[in-house]
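Step one of this worksheet: look at the structure below.
Counting begins at 1 with the first residue of the sequence. Atoms within each ligand, like the ligands themselves, are counted from 1 in listed order.
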Amino acid sequence: MPGSTPSPHGSLLPHEKARPLAKGSTYPAKDLCSQCGLCDSRWVAYVRQACAFLNQQFETMETRVHGRSRDLNNEDELYFGVSQRMLTARLEPPIEGAQWTGIVSRLGVRALESGLVDAVLCVQQSEHDRFTPVPVLARTPEQVLAARVNKPTLSPNLEVLEQLPGSGIRNLLAIGVGCQVQALRAVEATLPLDNLYVLGLPCVDNVSRAGLQTFLDSSSRSPETVVHYEFMQDFRIHFRHSDGSNETVPFFGLDTPKLKDVFAPSCLSCFDYTNGGADLVVGYMGASFGRQWITVRNDRGAALLQLVEAELETAPVQSRGNRKAAVQQGIDAYDKAVKLPLWLARLVGCVVNAIGPRGLEYGRFSIDSHFTRNALWLRRHHPEMADRHIPSFAQKIVNRYRLPAL
Ligand code: FAD
Ligand code: SF4
């Protein structure tokens, strides 16, 4: 196969024998497939071992990548995964048009400029639709910057692995969400690379492009003009419209009955919210409003952060409040698909925002709420796989709450 790495074993490795299949021809995880893209590359040969929804392997992955698995008796690691360091930060000056302040894009640019990597795996957008993802191997800072801002839909990032053989790329920075990173880590040793750096994003509640439309139609006053949105730490969704105006909708005012079926089944069965296999993770939910939240998992992550640290205004992580009662109430309300009238939703939102969890405690609130919902969803929809698919750290968290009957 032109450009493939000769196998050190003498015989061809499975991906060297495999021909990339026609897109959409096989996705063994079936309804749970997150369209991570692995099956659209020749690395489909490893799908049974690598797919995050067929063979989740946190302990093996963490031990291989970070040298140890997370310490379940350490509350921070139980929730946020293996970590050397956590901090909050803002990029100064921020990058115009980025999702938050643009730390991720700046890191990608610096990784290229410094010669650390030859390319950055990131996600641009379709020229026809701002929310349709187009994964690329970016070779220039401009191409990395063109990938800024979330495309809040399932993205086949790993399909571009197909372009690696013969590309001359030996050192790669891959930016991605948990399911993409799990599959990438599982095939890492077979990739024709000298160095792989992984910059992770936390991720929950992703949707197909059609699901996104249902969400926008039921949540925003002007769905067709939304260019950016985020579920923020003030318990509201912030929509930005193409005319520059902002709209906020309280979480508690969402049309839960309609939205229960919008999230992708892959995301309803996922427990990798904080991207356990990445070297460095950049999100927001463990930081105060307007700041980003950074977790350094290992020495490679520290080397990545060093590329931009002089351009960051940093602060220690903080934690305030107690999430537990709010999580328990949320579990029951979600299960009954309660929809509050908007005035009441705004009132509840204001009260929770004033006295509710902040910083890392907000992160734990969000993780508890999603893990309990997902454990219940899995037990109801895929009871045969629940025991093996819910990792021990998630089970420990879920056991802290009372779940509705199956
Ligand atoms: P930017 O500089 O704007 O760069 C954004 C990067 O995201 C780009 O490099 C691009 O390649 C990548 N990207 C865009 N769309 C996708 C996609 N669909 N799949 C994979 N990569 C993509 N953080 C939290 O703390 N809590 C959450 O619940 C959470 N959910 C998220 C859900 C999704 C689908 C995504 C993509 C991100 C989520 N994040 C979440 C991360 C957060 O929203 C920001 O992306 C992150 O903090 C980086 O912000 P930034 O300004 O530095 O990014
Ligand atoms: Fe293949 Fe990825 Fe879907 Fe699993 S999630 S079936 S690896 S495309």
Asp194, CG: over 12 other non-hydrogen atoms inside 6.0 angstrom: yes
Atom-level proximity to ligand 1, residues with heavy atom under 4.0 Å: Ala98, Gln99, Trp100, Thr101, Gly102, Ile103, Val104, Ser105, Cys122, Val123, Ala147, Arg148, Val149, Asn150, Lys151, Thr153, Ser155, Asn157, Ile175, Val177, Gln180, Leu201, Pro202, Cys203, Val204, Asn206, Glu230, Tyr273, Val282, Gly283, Tyr284, Met285, Gln292
Flag for Arg297-Asn275: side-chain donor and acceptor within less than 3.5 Å: no
Flag for Asn298-Gln84: side-chain donor and acceptor within less than 3.5 Å: no
Any pair counted as ring-ring contact (aromatic ring centres under 6.0 Å, His included), so long as it reaches residues 285-329, sequence neighbours left out: Phe80-Trp293, His238-Phe289
Proximal protein heteroatoms (N, O or S) of atom 4 (Fe) of ligand 2, under 2.8 Å: Cys51 SG
No-hydrogen, no-angle side-chain donor-acceptor test under 3.5 Å, Asp31 and His382: yes
Which atom of Arg68 lies closest to which atom of Ser83, heavy atoms considered: NH2-O, 3.8 Å
Arg291-Thr88 side chain donor-acceptor pair, cut-off 3.5 Å: yes
ring-ring contact (aromatic ring centres under 6.0 Å, His included) pairs, two or more places apart, involving residues 264-283: Phe271-Phe371, Tyr273-His370
Gln49 and Asn55 side chains, donor-acceptor separation under 3.5 Å: no
